[in-house]
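Each remark here refers to the structure printed beneath this line.
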Amino acid sequence: MSTLELPSYLDQTPEVAARFSRLRERPVALEVRGLTKRFETPRGVVTALDDVSFSVHKRELMCVIGPSGCGKSTLVRILAGLETPTSGEVLVGGTAVSGPGPDCGMVFQGYTLFPWLSVKENVMFGPKMAGKSSFTAESEAREWIDLVGLSRFENAYPHQLSGGMKQRVAIARALANQPRVLFMDEPFGALDAQTRCNMQSYLLEIWKNVDITIVFITHDLDEAVYLSDRILVLDANPGRVREIVEVPVPRPRSESQLFDPSFMATRKHIDELMHPPGQEQKDTPVMRLAVSNPDVV
Amino acid sequence: MPRPGILRDWFLIRRDLPQSRALLLTAVSFLMPLALWCVVSYVPWIWHPDVRIEISAEREGVTTVFTAGDHVSKGFFPEFVRAVRDENAAVTKARSEGTAVTGARRKNQKILRQIAPVAVGNGWIDYRDTQNDAALYQTWRDLATGAKVSSEPRLTEENLGIIRANWAALSALSPEFVFRKLPDEPLLKLVPQGRPANPVYLPEPDDVLRTGFRDFTASAPEGELTMLQRYGASLRVIFLGFFWACLIGIPLGILCGVFDFFSKLIEPFVDFFRYMPAPTFSTLLVAVLLAGEAPKVALVFIGTVFQMVLVISKTTRLLDPSLLEAAQTLGAKPRQLLKSVVIPGILPNLYNDLRILLGWAWTWLVIAELIGVKSGLTEFIETQGRFRNFDRVFPVIILIGVTGFVMDQVLSWLHGLLFPWSGKSSALSRSIAAAFTWPFRTGARAIRNRLAAVEAARIAATREPSP
Ligand SMILES: Nc1ncnc2c1ncn2[C@@H]1O[C@H](COP(=O)(O)OP(=O)(O)OP(=O)(O)O)[C@@H](O)[C@H]1O
Ligand SMILES: [Mg+2]
């Protein structure tokens, strides 16, 4: 691959550049200012996040990528109000987040559908909590289920669904609440490669049809480049913003773009950000096994 | 080498057997102990250290009296038989020498009654009629003339001979029973008969069945309860105690599991209290609540409720916290979390907890029925056990076991029916559940459709004027 001449990831075609300038003009949906999170552990203080600041515009799809343990989950949990930061603040639509609520939707990595509710009832959960009548909630839920293509399963229980289907229901359930921002913490992490590919296309399809801002956590490079407008690269120990990369791959995206020069250039750049050359060797633990030479005569 | 078929089919590490095999093994698990009981009871050369007396005799000058049904040791029985034979020989000798004692009418009446167990055993007279001399007199006649032949027990030739000899003496004086017309000289005694038997504490299965059937169908003596009434009383105590325990224990347990406040406030004391065995409170309970049902119910309650709080709070804490977080991001307020997530989420595990606790409640029941005025099935077990009537005790013990087992099986089957979403119910129980709930579901759907129509009309009405 190194022999291949790649363009710079900064090169944007005029259409893409225009798209980004339009995006920057949109109002800010999520603003993060100086977010720091420290955990008090028996073995001392762990700084999971250190002074993280960024903002996401309305209708943007941003991916957060970083090595394992760099604080991605911690970040998204703070954004969704499930954890309180040590310092800094999170603004959603201009108001500070003080706790979990219907403004911030969340799709978790594990399956968190309510097992005692059918698919339809799971999707109805948010609207019903908001005080909508069963009738309204049900007709709304039908539309969302339709959107994720699970109408045939609306009366099935979660234990009867496959992993991919469960995550689709979880997405529908989060969307039915019409949150300002949707946070997704490695939602496809537990799926096999093929299903994950399909789910990514599904997500883009849904995102195209629904007015929603998405912050998507992943540790998969291809997934990040394929999905996002911009990619936030996190450093590990402590978690800091390394760089926010604008993805020059034009939309609409398709799987054939996986081998576009712009795609590969972006991918390579982020790979280098995450694994700086030279450092790689030191970080990787090498296992040496004491093996005697094979008896080859 | 391939594993032989039987190993391959029946012995698989950590793998479930097919349903038919599982069912077969379940049946065998019950049949095995039953078969063992039968073998020990009915194969005469296995164990049988005793002799059960079928025909007994009173001896001259010996105060210990054995009646039919009593057990004596194998070693003692021949001695007993020999002693009676010697007495008979003495009577015959005296008779032939003309020196027979007179004034033996009372004793002869007793000899007459020796035949009673035979008459009862063959069903010729009722078991309460063992002193009906007129009927017994007929029995002597019938046996002597051969009109009746005893099969239960089979009489020895020796005893048949004695019966004929005695009947000759009896019939010479009167064909019917008249006390004053009994012979004045002593009759011959029937020689004791018996058969090998196990100790009294291991009655035979058919004995247990028969006495069980008799006890449970009999009408009660004056002022006492029938067995079914006793059974009802026991069930009442256990259910009342368990009901109160649930009423207090379930809400407290859930509160402790949800709010650390209640957990820290309540659980330490509950944890301490449950180590004090409930029966130690029995005298206190009787003093406070007086005799009757109340202290018994209270004992079952105390025995159950403390465990219940702890078990349920633990179950509540085991609920996947990410479900709570998911609900919060969907906008659920604390009260809604409790009602729409915590309670439905823990329900299947809570149900299983209650099943196990109900099993424990049965243990407390037995103790509860012994405090204050003894009552229920346990009182019966106590009384009969004291008289060593173990053939009457066993049916009651088995009844308690069967009740507990059947109840638990039904409840476990209902689990699949009540919680189809836990994915543990079989297709059969699901379809039965669907049939059961059909009217409710249809009704609910009709109401929902009606409401929906109303709402749709309202929405249409609000929209109409705008364009
Ligand atoms: N509750 C906690 N208490 C103490 N330390 C914590 C806690 N939660 C997270 N951490 C620490 O914070 C750091 C970031 O964790 P986090 O789960 O956010 O990583 P991540 O980027 O999501 O990793 P992964 O990709 O494996 O999911 C880790 O070093 C972890 O040990
Ligand atoms: Mg994580």
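Every chain is numbered from 1, with letters handed out A, B, ... down the list of sequences.
- Residues B:Val341 and A:Phe125 meet the side-chain proximity criterion, which asks for heavy atoms closer than 4.5 Å.
- Contact annotation for A:Arg173: both backbone and side-chain heavy atoms come within less than 4.5 Å of a heavy atom of chain B.
- Smallest separation of non-hydrogen atoms from A:Phe114 and B:Ala327: CZ-CB, 3.8 Å.
- With values rounded to the nearest 0.5 angstrom, A:Met106 atom CE is found 7.5 Å from B:Glu325 atom CD.
- When all heavy atoms of B:Gly345 and A:Trp116 are compared, the pair lying nearest together is CA-CZ3, 3.4 Å.
- Counted within 6.0 Å of NZ on A:Lys128, heavy atoms from surrounding residues, nucleotides or ligands total 12 or fewer; the atom is thus considered open.
- Between chain B and the residues A:Ala80, A:Cys104, A:Ala130, A:Gly101, the largest count of heavy-atom pairs under 4.5 Å involves A:Gly101.
- Closest heavy-atom contact between B:Gln336 and A:Met129: NE2-O, 3.1 Å.
- Around the CG atom of B:Asp16, the shell of radius 6.0 Å holds no more than 12 heavy atoms that belong to other residues, nucleotides or ligands.
- Proximity to chain A (any heavy atom under 4.5 Å) is shown, for B:Leu323, by both the backbone and the side chain.
- Sparse packing is recorded around CH2 of B:Trp438, with 12 or fewer heavy atoms of other residues, nucleotides or ligands lying under 6.0 Å away.
- Rounded to the nearest 0.5 Å, atoms CG (B:Asn449) and CZ (A:Phe135) are 9.5 Å apart.
- Taking every heavy atom of both residues into account, B:Trp421 and A:Pro115 meet most closely at CB-O, 3.1 Å.
- The 12-atom threshold is not exceeded at CD of B:Gln19, counting heavy atoms of other residues, nucleotides or ligands nearer than 6.0 Å.
- The environment of CH2 in B:Trp244 is sparse: at most 12 heavy-atom neighbours from other residues, nucleotides or ligands sit within 6.0 Å.
- Considering every non-hydrogen atom in both A:His159 and B:Pro420, the closest pair reads NE2-O, 3.7 Å.
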Note to self: Run the side chain to side chain donor-acceptor pair (under 3.5 Å) test on B:Glu455 and A:Thr136 for me, step by step, so that the C-alpha distance in whole Å, both residues' side-chain angles and the decisive distance to 0.1 Å come before the verdict.
What the structure shows: CA-CA 9 Å; B:Glu455 176 126 351; A:Thr136 327; 3.0 Å; yes
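- Closest non-hydrogen pair, B:Leu330 versus A:Asn177, comes out as O-ND2, 3.0 Å.
- Interface remark: A:Ser118 contributes no atoms to any contact with chain B (heavy atom separation under 4.5 Å).
- Taking CZ from A:Phe108 and OG1 from B:Thr329, the interatomic distance works out to 5.0 Å, rounded to the nearest 0.5 Å.
- Neither the backbone nor the side chain of A:Leu117 has a heavy atom closer than 4.5 Å to any heavy atom of chain B.
- Heavy-atom neighbours of B:Arg236 CZ from other residues, nucleotides or ligands within 6.0 Å: at or below the threshold of 12.
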